[in-house]
Q: 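One structure, pasted below without further comment.
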Amino acid sequence: MTKVFAGMTVSLDGFVNDRNGSVGSLYPDLAALGSTEMLQESIRRTGAVVMGRRSFEMANDDLTGYEYQVPIFVVTHTVPDTVIRGVNDRLFVTFVTDGPARAIERARAAAREKDVTVVGGASTIRQLLELGLVDELHVGFMPILLGDGLRFFEAGSFGPTTLEPLDVIESGSRTDLLYRVQP
Amino acid sequence: MTAAGIVLLDITMSLDGYIAGPDDSREHPLGLRGGERIHDWFFTGDTTSRHNDGFRASGRSMEVLDEFFETTGALVVGRRMYDFTDGWQGSHPLPGVPVFVVTHAAPETVPSGSTAFTFVTDGVERAVEQARRAAGDRHVVVNGGANVAQQCLVAGLLDEIQVHVAPTLLGDGRRLFDRLDEEIQLETVRVIEAPGVTHLRFRVLRQVPSSGTSSSDSS
């Protein structure tokens, strides 16, 4: 059955980017991260990806070589007028303007037997958690206190949520905590 | 084994970084709506601690708990924590460990028991300094609350940070980490996976002046 995985990399103090809006300090070694079994496993099981508009914009309209060569569904209010590079017979981008739940629905259909991976951003994942649409949550802690930036977990939007620990994966200095989200 | 005589922030937090749920009070020191369960890892485990039968931990959490009992030489806490626990009725669970309470004014009465309390009214630096002397070659542990933890962090007093991550999203409450003027680089020292909690330990790397204008800054 298709599962929805949501994951982000955060500083120990819970920021997904720094005071300049940059994620560089959270990814000191992208090449090493790319070759981890953890990411390879994620790529293997992913049939479709969901992301927020800001996450999509970080690619600067070029998805050439994106690790997830699968249908991409972008949650957005408006459809940008743009040409996206890197599109092929496996990877194409659909802009979903009727909400994150609809994006998940479409991603599930596109993923068929495989899973849906939500790669961010923080706001998109929070909305999906509130809607009860996330099956597993992966939080990758990096050994840094950013002290400012965009918080993964903003206060107040959802009530207490019990998580079931599934695994802890160490990849160099990074520690990933994997949880099943209890209904 | 980490070096003796360090200053360690040691505290439990939810995955979303809260050390207590909303509406924490004397009646509900860990707050409400899930906050009360984040300390389950050392209260409701399957094995009783040989140091104190009020604590029960499971799996490798017992190692972590044992370490807390065996390596803590002095505690630094905030006034709120002292008040919420009623000064542990005069006897903190760590026998013989002095407790330094950071506060604006010492309380009028202190419950009598086995713990030596010192109320430090002139700031966290002084509290940690006194705690260091009292701790000897064991660790100074900053055990809460968020306010004291943040002050110690900003003052550059912490050598290591250990957080016990409880498997819950509280959504609101008392945040452990507040905003900082500068980033602080850490180094992952140890990760211990245990039933219902993950123990993460980090070394605090000394901040380097970002503009490089003051090479004489030795902190």
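So you know, we letter chains A, B, ... as the sequences are listed, proteins then strands, and number each from 1. Only a predicted model underlies this, so the values are computations on that prediction, with no experimental measurement involved.
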Q: Rounded to the nearest 0.5 Å, how far apart are CG of A:Asp148 and CD of B:Glu182?
A: 12.5 Å

Q: Would you mind reporting whether A:Asp167 and B:Glu193 have side-chain heavy atoms less than 4.5 Å apart?
A: yes

Q: Is the closest side-chain heavy-atom distance between B:Glu183 and A:Asp18 below 4.5 Å?
A: yes

Q: To check you understand the geometry: which heavy-atom pair defines the closest contact between A:Pro165 and B:Pro167, and what is its length?
A: CG-CB, 3.8 Å

Q: Between B:Glu187 and A:Ser173, does the side chain to side chain contact (heavy atoms under 4.5 Å, CB included) criterion hold? Intermediate values first, please.
A: CA-CA 7 Å; B:Glu187 183 181 24; A:Ser173 57; over 6 Å; no

Q: Answer with side chain, backbone, both or neither: which region of A:Val168 has an atom nearer than 4.5 Å to a non-hydrogen atom of chain B?
A: both

Q: Check the surroundings of atom CZ in B:Arg37: do more than 12 heavy atoms from other residues, nucleotides or ligands lie under 6.0 Å from it?
A: no

Q: Rounded to the nearest 0.5 Å, how far does CG of A:Leu146 lie from CZ of B:Phe177?
A: 11.5 Å

Q: With a 4.5 Å cut-off on heavy-atom pairs, point out which of B:Ile161, B:Asp181, B:Val197 contacts chain A the most.
A: B:Asp181

Q: Under a 4.5 Å cut-off applied to non-hydrogen side-chain atoms, are A:Ile144 and B:Leu186 in contact?
A: no

Q: Quick one: what part of A:Leu137 sits under 4.5 Å from any heavy atom of chain B, side chain, backbone, both or neither?
A: side chain

Q: Tell me if the CG atom of A:Asn88 is crowded by more than 12 foreign heavy atoms within 6.0 Å.
A: yes

Q: Select one option (side chain, backbone, both, neither) describing which atoms of B:Leu176 are under 4.5 Å from chain A's heavy atoms.
A: neither

Q: Between A:Phe141 and B:Met13, what is the shortest heavy-atom contact and its length?
A: CZ-CE, 4.4 Å

Q: What closest approach, in Å, do B:Tyr18 and A:Phe153 show between heavy atoms, and which atom pair accounts for it?
A: OH-O, 4.4 Å

Q: Contact between B:Arg179 and A:Phe15 at the side-chain level, heavy atoms closer than 4.5 Å - yes or no?
A: yes

Q: Determine whether A:Arg151 and B:Asp16 make a side-chain contact, defined as any pair of heavy atoms from C-beta on separated by less than 4.5 Å.
A: no

Q: Non-hydrogen atoms of chain B under 4.5 Å away: do they reach the side chain of A:Phe152, the backbone, both or neither?
A: neither

Q: Quick check for you: among B:Val165, B:Leu200, B:Leu15, B:Thr168, which has the greatest number of heavy-atom pairs under 4.5 Å with chain A?
A: B:Leu15

Q: To the closest 0.5 Å, what do you measure between OG (A:Ser11) and CD1 (B:Ile184)?
A: 11.0 Å

Q: Just by distance, do the side chain of B:Thr188 and the backbone of A:Pro143 share a donor-acceptor pair under 3.5 Å?
A: no

Q: Do other residues, nucleotides or ligands put more than 12 heavy atoms under 6.0 Å from A:Arg53 CZ?
A: yes

Q: I want to check something: taking the side chain as every heavy atom from C-beta on, are B:Leu169 and A:Val181 in contact at a cut-off of under 4.5 Å?
A: no

Q: Where on A:Thr162 is there a heavy atom nearer than 4.5 Å to chain B: the side chain, the backbone, both, or neither?
A: both

Q: With a 4.5 Å cut-off on heavy-atom pairs, point out which of A:Gln182, A:Glu170, A:Met142, A:Arg19 contacts chain B the most.
A: A:Arg19

Q: Does A:Arg112 CZ have over 12 foreign heavy atoms under 6.0 Å away?
A: no

Q: Would you indicate whether A:Glu37, at its atom CD, is surrounded by more than 12 heavy atoms from other residues, nucleotides or ligands within a distance under 6.0 Å?
A: yes

